[in-house]
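Just below is one structure, and these are the notes that go with it.
Only heavy atoms go into these numbers, but all of them, side chains included; no hydrogens, no water, no symmetry mates. Throughout, protein chains are lettered first and strands after them, A, B, ... in sequence-line order, and every chain is numbered starting at 1.
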There are 2 protein chains.
Amino acid sequence: MKATYKDVKSDIMSKITKGDWAPGSLVPNEIELAGIYGCARATVNRAMRELADDGIIERRRKAGTRVRSSPIRQARFDIPLVRREIEDKGAEYRYSLAERTVEPAPDWLRARLKLGVGSKVLHLICMHYADGDPYQHEDRWINLGTLPQAEDADFTQVGPNEWLVATVPFSDAEISFSAGLAGPKLADYLASKDGDPVFTIERSTWWEGQAITYVKLSFRPGHRMTTRY
Amino acid sequence: MKATYKDVKSDIMSKITKGDWAPGSLVPNEIELAGIYGCARATVNRAMRELADDGIIERRRKAGTRVRSSPIRQARFDIPLVRREIEDKGAEYRYSLAERTVEPAPDWLRARLKLGVGSKVLHLICMHYADGDPYQHEDRWINLGTLPQAEDADFTQVGPNEWLVATVPFSDAEISFSAGLAGPKLADYLASKDGDPVFTIERSTWWEGQAITYVKLSFRPGHRMTTRY
DNA sequence: TGGCGCGTTATGTCTAGACTTATAGCCCGC
DNA sequence: GCGGGCTATAAGTCTAGACATAACGCGCCA
């Protein structure tokens, strides 16, 4: 008796994993469960809400709650600052700015960020090192239309990512992972061989509908992103 | 007055993005906020709890709540069944089993899944097609020690992933993303060229501490995993 | 038979209050 | 000055009850 929301959550979870409640089946409503577990409806509600957030069950007003037939498993990845990522591994972080130009946005970038014709962007190429070894190559484009102050920022000491996080704390983003090939230039930056596979993250961010930046991050060969769920 | 938890959440969010509350600074406690917003403490609590889940703020009993200095952004990816993934794109899904053997677990697999010596595993090579084109190559190893019934299952019609989801509904998993190269054999399966970069997902799963399966999924060149956050 | 409207119902949210729990930071003794 | 123990505080959780809201699916009507 007197179950906590965690008790309720894990008990329901085990009923599902043990197969007592089959996929697609309707689970008792909150009032019944509150009676069964001897707790208030709010407690059951919290347990069920978390299970729904985890993609285990599906809830609809009036229709009730059912076990998802094909459970949507989701993995969460932390997207830390490179510096943190490296320092958390116990390695020494070093940053360097390789190139810096101000130019009109190329067509592919305008399409991606939905920029108008003639938009000017700041283009930066940076490297991040862990214990002196190349770790990540950063190909960064910043929209000067929304962030004109970026033109005056000094990116030789602090990376554009950290500068952006401090300047535009939160924003909408689209992130995608893919595998690419190191061309000769990228291979040189990463001290790897031409034709090596590189793990790539691309991210576009907006703030209140305004495009801020697009970045392509290429990791040294062998990099993996791992998480448990 | 009479703010909902969403009102509170978005107002606090905007205070942070606008810089009213600087990173690292202490946020008023729940009772004060409840007074400010004219709502119950539970309402403020829910708003704050969600912000903490999102990695925006950090909460500690007695110490209070503060804005995270370097916000941990996290991205969530849905990990659907391949069939769903393909059908959701509007393409026709086709599956085929290419190889099936029962063998002692190789050393690398024993290390990865923490298996004892002499463990037997079922090794499957499968292909998933979208509109007839190779989409995903599946290199699957199932631990027959925990799932002996897998040896009798018919994997020629339904893929091992779907069979597993139906048999062992939920489990702990470790998932990792990386970039690899297509060797001649894999390139043949994926109808691509030797040396093409392939996006790779590896997943190991356990159930109540028992290793169930390890799988290496290789996608056709050009594949991307995308999400918004 | 088929389409529309609406009452019923399960979830969603809020409240005021009480109790629990972790712990920051003060105070005291060494 | 330093370490250990105590306490006040803020978050964490629960309750009983109320009202809000979405929408399922029955029944009515064409």
Side-chain angles (χ1 to χ4, degrees), chain A residues 1-16 20-69 71-72 74 76, chain B residues 1-16 20-69 71-72 74 76:
Chain A
M1 268 301 172
K2 278 295 145 77
T4 68
Y5 83 92
K6 283 183 182 172
D7 295 335
V8 175
K9 188 178 174 185
S10 74
D11 189 69
I12 291 179
M13 194 68 184
S14 84
K15 277 200 165 39
I16 295 174
D20 294 356
W21 291 350
S25 66
L26 201 62
V27 322
N29 71 36
E30 296 191 349
I31 294 173
E32 282 178 65
L33 288 172
I36 292 169
Y37 291 109
C39 63
R41 187 168 77 91
T43 304
V44 172
N45 182 273
R46 170 139 187 217
M48 303 283 269
R49 188 153 37 77
E50 291 199 0
L51 286 168
D53 281 348
D54 295 347
I56 308 299
I57 57 178
E58 227 176 345
R59 322 194 72 196
R60 275 199 347 266
R61 280 166 153 135
K62 157 83 185 169
T65 300
R66 31 186 83 241
V67 180
R68 285 198 101 108
S69 38
I72 295 184
Q74 18 192 324
R76 271 190 163 195
Chain B
M1 271 301 171
K2 278 294 143 82
T4 69
Y5 84 93
K6 282 183 182 171
D7 295 335
V8 175
K9 188 177 174 185
S10 73
D11 189 70
I12 291 179
M13 194 68 183
S14 83
K15 277 199 165 43
I16 295 174
D20 293 358
W21 293 351
S25 66
L26 201 62
V27 168
N29 71 39
E30 297 190 349
I31 294 174
E32 281 178 66
L33 289 172
I36 292 168
Y37 292 110
C39 63
R41 187 168 78 90
T43 305
V44 172
N45 182 274
R46 171 140 186 216
M48 303 284 269
R49 189 154 37 75
E50 291 199 358
L51 287 169
D53 281 348
D54 295 346
I56 310 298
I57 59 178
E58 228 176 342
R59 323 194 73 196
R60 287 219 315 286
R61 281 165 150 133
K62 156 84 186 173
T65 300
R66 33 186 81 242
V67 180
R68 285 196 101 106
S69 38
I72 295 183
Q74 24 191 356
R76 285 178 107 159

Quick one: does A/Y37's side chain get under 4.5 Å of A/T43's, heavy atoms only?
no
Atom-to-atom span, CD1 of B/I12 to P of D/dA11 - whole angstrom:
11 Å
What nucleotide, of D/dA22, C/dT11, D/dA11, holds the atom closest to the side chain of B/E30?
D/dA11
Pick the closest DNA chain D nucleotide for A/K6 and for B/K62 by heavy atoms, then say which residue is nearer the 5' end.
B/K62
Just how far, in rounded Å, is C1' of C/dT13 from CG of B/N45?
14 Å
Taking CG from A/L26 and P from C/dT11, how many angstroms apart are they, rounded to a whole number?
8 Å
Less than 4.5 Å apart, side chain to side chain, heavy atoms only: is that true for B/L33 and B/V8?
no
Given A/V27, which of A/E32, A/M48, A/R66 fulfils the side chain to side chain contact (heavy atoms under 4.5 Å, CB included) condition?
A/M48
Which comes earlier along DNA chain D counting from the 5' end, the contact point of A/R60 or that of A/R46, where each point is its nearest nucleotide?
A/R46
Whole-Å distance separating the CG atom of B/L33 from the C1' atom of D/dG12:
16 Å
Whole-Å distance, B/D53 CG to D/dA11 C1', equals 14 Å
Would you mind classifying the nucleic acid contact of B/A42 as base, sugar-phosphate or nothing, using non-hydrogen atoms under 4.0 angstrom?
base
Among the nucleotides D/dA11, C/dT13, D/dC14, which one has an atom lying closest to any side-chain atom of A/Y5?
D/dC14
Going by an N to O cut-off under 4.0 Å, is there a salt bridge joining B/K15 and B/D11?
yes
Gap between atoms CG and P, on A/D7 and D/dC14 respectively (whole Å)
8 Å
Against the side chain of B/N29, the closest entry in D/dT13, D/dA11, C/dG12 is D/dA11
Output yes when at least one side-chain N/O atom of B/T65 is less than 4.0 Å from OP1 or OP2 of D/dA11, else no.
yes
Heavy-atom donor-acceptor pair, B/R61 side-chain to C/dT21 base, under 3.5 Å
yes
Using the test side chain to side chain contact (heavy atoms under 4.5 Å, CB included), find all partners of B/E30 that sit at least two apart in sequence or belong to another chain.
B/R41, B/V44, B/N45, B/R59
Whole angstroms only, please: what is the CE-P distance between B/M48 and D/dA11?
6 Å
C/dT11 base to A/R59 side chain: any donor-acceptor pair below 3.5 Å?
no
Under 4.0 Å, counting only non-hydrogen atoms across every strand here, what does B/R41 touch: a base, just sugar-phosphate, or nothing?
base
May I have the distance from B/E58 (atom CD) to D/dA10 (atom C1'), rounded to whole angstrom?
15 Å
